[in-house]
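Structure record follows, encoded as structure tokens.
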Amino acid sequence: MNKRHFIKSLGLGGLAMMGPSLVTKAAALKPAAPAARQHRVWVTPHHEDTASELQQRYAAFREAGIGVVYFEEDSELHFRAAKDAGMEAHRWFWTMNKVDGELLAQHPEWYSENRNGQSCATHPPYVDHYRFLCPNKTEVAAYLRQQAEQVLSKDYVDGIQLDFIRFVDVILPVNLWPKYNIDQSRELPEYDFCYCGHCREKYKAVYGADPLEMPHPDQSPSWRTFRYNSITNMVRIMAEVARQHNKPITAAVFPTPEIAKRIVRQDWVNWPLDAVCPMIYHSFYKESVTWIGDAVAEGVKALHGSCPLYAGLFLPAFKGDMGQLKEGIRLAVENGAAGVSIFGKVTPEVLAVLREMA
């Protein structure tokens with residue numbers, strides 16, 4: 001399943017074909033792209049596309065100021081076409097969420113467990129394809145390291161972008177509460193991960209307590225920090241592989257440092273990344289376009305210059321209003337974003353806006 005269908009299944013709107021992805025601190029690895037070429041696009045490659053179609057498409061992307069493409073699947077044809085057009089081609093990589101029937105069958109013990117003791121392998125929360133691995137199992141770390149090695153060893157892959165590098169959402173964006181008939185104004189045990197024996201023992205060895213024996217584990221600062229660090233450690237492992245290949249590593253993350261820590265245990269301002277793409281999908285949180293600027297400002301301030309931030313924009317949220325899209329890009333850049341990363345159908349109108357705003 002790709003990210004377009006995944007988001008649609010959550011009730012967040014459908015997407016059509018998408019375009020290129022993301023640049024990073026790759027300036028140390030390659031000649032820097034012109035300053036005007038700053039935007040990125042997430043793309044799910046269609047394998048029926050022809051070389052001539054891709055040549056036209058990616059030339060238009062590059063002309064619109066797109067410097068990097070994040071490809072959700074491996075397609076040498078797409079990767080090389082994007083590179084030939086003068087962009088970087090990065091692999092967009094689902095990390096902790098592994099919807100893999102063979103892996104589920106062979107290693108159900110690798111999957112994360114909620115506070116009720118239910119595993120993502122047998123009781124996926126929200127939707128059937130929410131199958132998150134436990135970041136504290138050494139076997140999981142070895143498996144993901146090996147997958148990253150496979151991706152980055154390919155000569156046509158310029159970098160890797162981590163997606164789903166987190167725990168299950170303990171709280172969904174407020175727009176989704178009616179869909180699932182839930183009120184998540186507090187953390188509910190069935191969505192609170194990971195309480196597997198390995199995580200509990202590892203935490204107990206440091207803090208002397210079992211999270212399941214706490215009256216209110218959701219209120220424990222040390223238990224939260226333990227889980228932030230669990231994901232951060234996984235990012236470090238993946239970053240080691242990227243550094244060995246002299247290729248950049250980036251991540252798609254939740255929109256602000258505060259939201260990311262609170263609802264998916266991401267402490268992304270402390271990750272060893274070359275660039276970060278917060279998914280500032282304003283409609284998910286019932287916010288106006290103005291909030292894009294607020295979210296970017298918060299993220300840029302928290303990063304303290306450690307890496308550039310590219311504001312992730314969800315095209316369906318703009319409902320075809322190019323004026324609103326232009327405003328979203330303006331607010332992102334004026335508040336410190338190095339550019340934007342687009343998720344959605346890249347139409348000629350969208351490219352025209354990007355050209356104008358580059």
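For the residue pair Cys134 and Cys194, the shortest heavy atom distance occurs at SG-SG, 4.0 Å. Closest of all the heavy-atom pairs between Ile231 and Met96 is CD1-CG, 4.3 Å. The shortest heavy-atom contact between Pro248 and Glu88 is CG-OE1, 4.4 Å. Minimum heavy-atom separation, Met238 to Leu144: SD-O, 3.6 Å. Considering all non-hydrogen atoms of both residues, Asp100 and Tyr111 come closest at O-OH, 4.2 Å. A pairwise comparison of heavy atoms in Asn114 and Tyr195 identifies O-CB, 3.6 Å as the closest pair.
The environment of NE2 in His47 is crowded: more than 12 heavy-atom neighbours from other residues, nucleotides or ligands sit within 6.0 Å. Shown here is Gln146, whose CD atom has more than 12 heavy atoms of other residues, nucleotides or ligands within 6.0 Å. Atom CD of Gln56 is surrounded by 12 or fewer heavy atoms from other residues, nucleotides or ligands within 6.0 Å. Environment of CD in Gln150: crowded, with over 12 heavy atoms of neighbouring residues, nucleotides or ligands closer than 6.0 Å.
With no hydrogens or angles considered, no side-chain donor-acceptor pair links Tyr156 and Arg80 at under 3.5 Å. Counting only N and O atoms by type, the side chains of His245 and Glu149 include a donor and acceptor under 3.5 Å apart. Side-chain contact check for Tyr281 and Asn175: no donor-acceptor pair (N or O, by modelled atom type) lies under 3.5 Å. Between the side chains of Glu73 and Trp92, not a single donor N or O lies within less than 3.5 Å of an accepting N or O. Remark: the Tyr143 side chain and the Gln147 side chain contain an N/O donor-acceptor pair separated by less than 3.5 Å.
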Chi angles and distances behind the salt bridge (Lys or Arg N to Asp or Glu O under 4.0 Å) call for Lys83, Asp158: CA-CA 9 Å; Lys83 289 163 69 69; Asp158 292 320; 2.7 Å; yes
CA sep, side-chain torsions, deciding dist, call: Lys326, Met357, side chain to side chain contact (heavy atoms under 4.5 Å, CB included): CA-CA 7 Å; Lys326 190 182 299 185; Met357 302 297 290; 3.3 Å; yes
Step-by-step salt bridge (Lys or Arg N to Asp or Glu O under 4.0 Å) determination, Glu240 to Arg145: CA-CA 9 Å; Glu240 286 175 6; Arg145 182 191 289 271; 3.2 Å; yes
Evaluation steps, salt bridge (Lys or Arg N to Asp or Glu O under 4.0 Å), between Glu327 and Arg330: CA-CA 5 Å; Glu327 178 69 2; Arg330 183 190 67 78; 2.6 Å; yes
Audit row: Leu354, Val340, side chain to side chain contact (heavy atoms under 4.5 Å, CB included) steps and yes/no: CA-CA 9 Å; Leu354 290 176; Val340 298; 4.2 Å; yes
Worked check of salt bridge (Lys or Arg N to Asp or Glu O under 4.0 Å) between Glu187 and Arg265: CA-CA 13 Å; Glu187 295 186 7; Arg265 322 306 189 192; 3.1 Å; yes
Intermediate values then yes/no, side-chain hydrogen bond (donor to acceptor under 3.5 Å, both in side chains), Trp42 and Ser341: CA-CA 7 Å; Trp42 286 290; Ser341 194; 4.5 Å; no
Verdict with supporting geometry, Tyr191 and Tyr126, ring pair (Phe, Tyr, Trp, His ring centres under 6.0 Å): CA-CA 9 Å; Tyr191 308 111; Tyr126 306 117; 4.5 Å; yes
Pair Asp169-Tyr130, side-chain hydrogen bond (donor to acceptor under 3.5 Å, both in side chains): steps then yes or no: CA-CA 10 Å; Asp169 325 49; Tyr130 243 42; 2.3 Å; yes
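Screening Gln161, Arg243, Lys247 for a side-chain hydrogen bond (donor to acceptor under 3.5 Å, both in side chains) involving Asp274 leaves a single residue, Arg243. Each of Trp268, Phe93, Trp94 was evaluated against Leu162; a single residue qualifies, Phe93, per the side chain to side chain contact (heavy atoms under 4.5 Å, CB included) test. Between Arg227 and the choices Asp267, Asn136, Asp192, the side-chain hydrogen bond (donor to acceptor under 3.5 Å, both in side chains) rule is met once, by Asp192.
We find that Arg200 and Asp210 are joined by a salt bridge, their nearest charged nitrogen and carboxylate oxygen being less than 4.0 Å apart. For the pair Asp218 and Arg186, the salt-bridge criterion is not met [side-chain N within less than 4.0 Å of a carboxylate O].
A cation-pi arrangement is not found for Arg91 relative to Phe71, the charged atom failing to lie both closer than 6.0 Å to the ring centre and inside a 45° cone about the ring normal. A cation-pi contact, defined as under 6.0 Å to the ring centre and within 45° of the axis, is absent between Lys137 and Phe132.
Transitive grouping of hydrophobic side chains (ILVMFWY, heavy atoms separated by less than 4.5 Å) keeps Phe193 and Tyr203 in distinct clusters. Taken together through direct or relayed side-chain contacts under 4.5 Å among Ile, Leu, Val, Met, Phe, Trp and Tyr, Val206 and Leu212 form part of one hydrophobic cluster. Note on Ile165 and Leu103: same hydrophobic cluster, where clusters join Ile, Leu, Val, Met, Phe, Trp and Tyr whose side-chain heavy atoms are under 4.5 Å apart, directly or indirectly. In terms of hydrophobic clustering, with Ile, Leu, Val, Met, Phe, Trp and Tyr side chains grouped at heavy-atom distances under 4.5 Å, Tyr207 and Tyr228 are assigned to different clusters. Ile249 and Phe164 fall within a single hydrophobic cluster, where Ile, Leu, Val, Met, Phe, Trp and Tyr side chains are chained together by heavy-atom contacts under 4.5 Å.
Between the CG atom in Asp183 and the CG atom in Leu188 there is a gap of 8.0 Å [rounded to 0.5 Å]. Interatomic distance, CZ of Arg166 versus CD1 of Ile263, reported as 8.0 Å (0.5 Å rounding). Taking CD1 of Ile292 as the start and CG of Leu331 as the end, the distance is 7.0 Å to the nearest 0.5 Å. Distance check, rounded to the nearest 0.5 Å: NZ of Lys202 to OG of Ser230 gives 5.5 Å. Here the CD1-CD distance, from Ile329 to Gln324, works out to 12.0 Å after rounding to the nearest 0.5 Å. The CD1 atom of Ile171 lies 13.0 Å from the CG atom of Leu176; values are rounded to the nearest 0.5 Å.
Under a 3.5 Å cut-off, the side chain of Ser75 and the backbone N or O of Pro45 do not form any donor-acceptor pair. Of the possible donor and acceptor atoms, none in the side chain of Glu139 sits under 3.5 Å from a partner among the backbone N and O of Trp110. Side chain of His78 to main chain of His46: a donor-acceptor pair is present (N/O by atom type, distance under 3.5 Å, no hydrogens or angles). Formation of a donor-acceptor pair under 3.5 Å by the Asn97 side chain with backbone atoms of His129 is found in this model. A donor-acceptor pair is defined here as one N or O able to donate and one able to accept, closer than 3.5 Å; no such pair exists between the side chain of Ser283 and the backbone of Lys286.
In this structure, the ring of His282 has its center less than 6.0 angstrom from the ring center of Phe318.
Using a 30° and 60° split on the angle between ring planes, Phe314 and Phe284 fall in the perpendicular class, above 60°.
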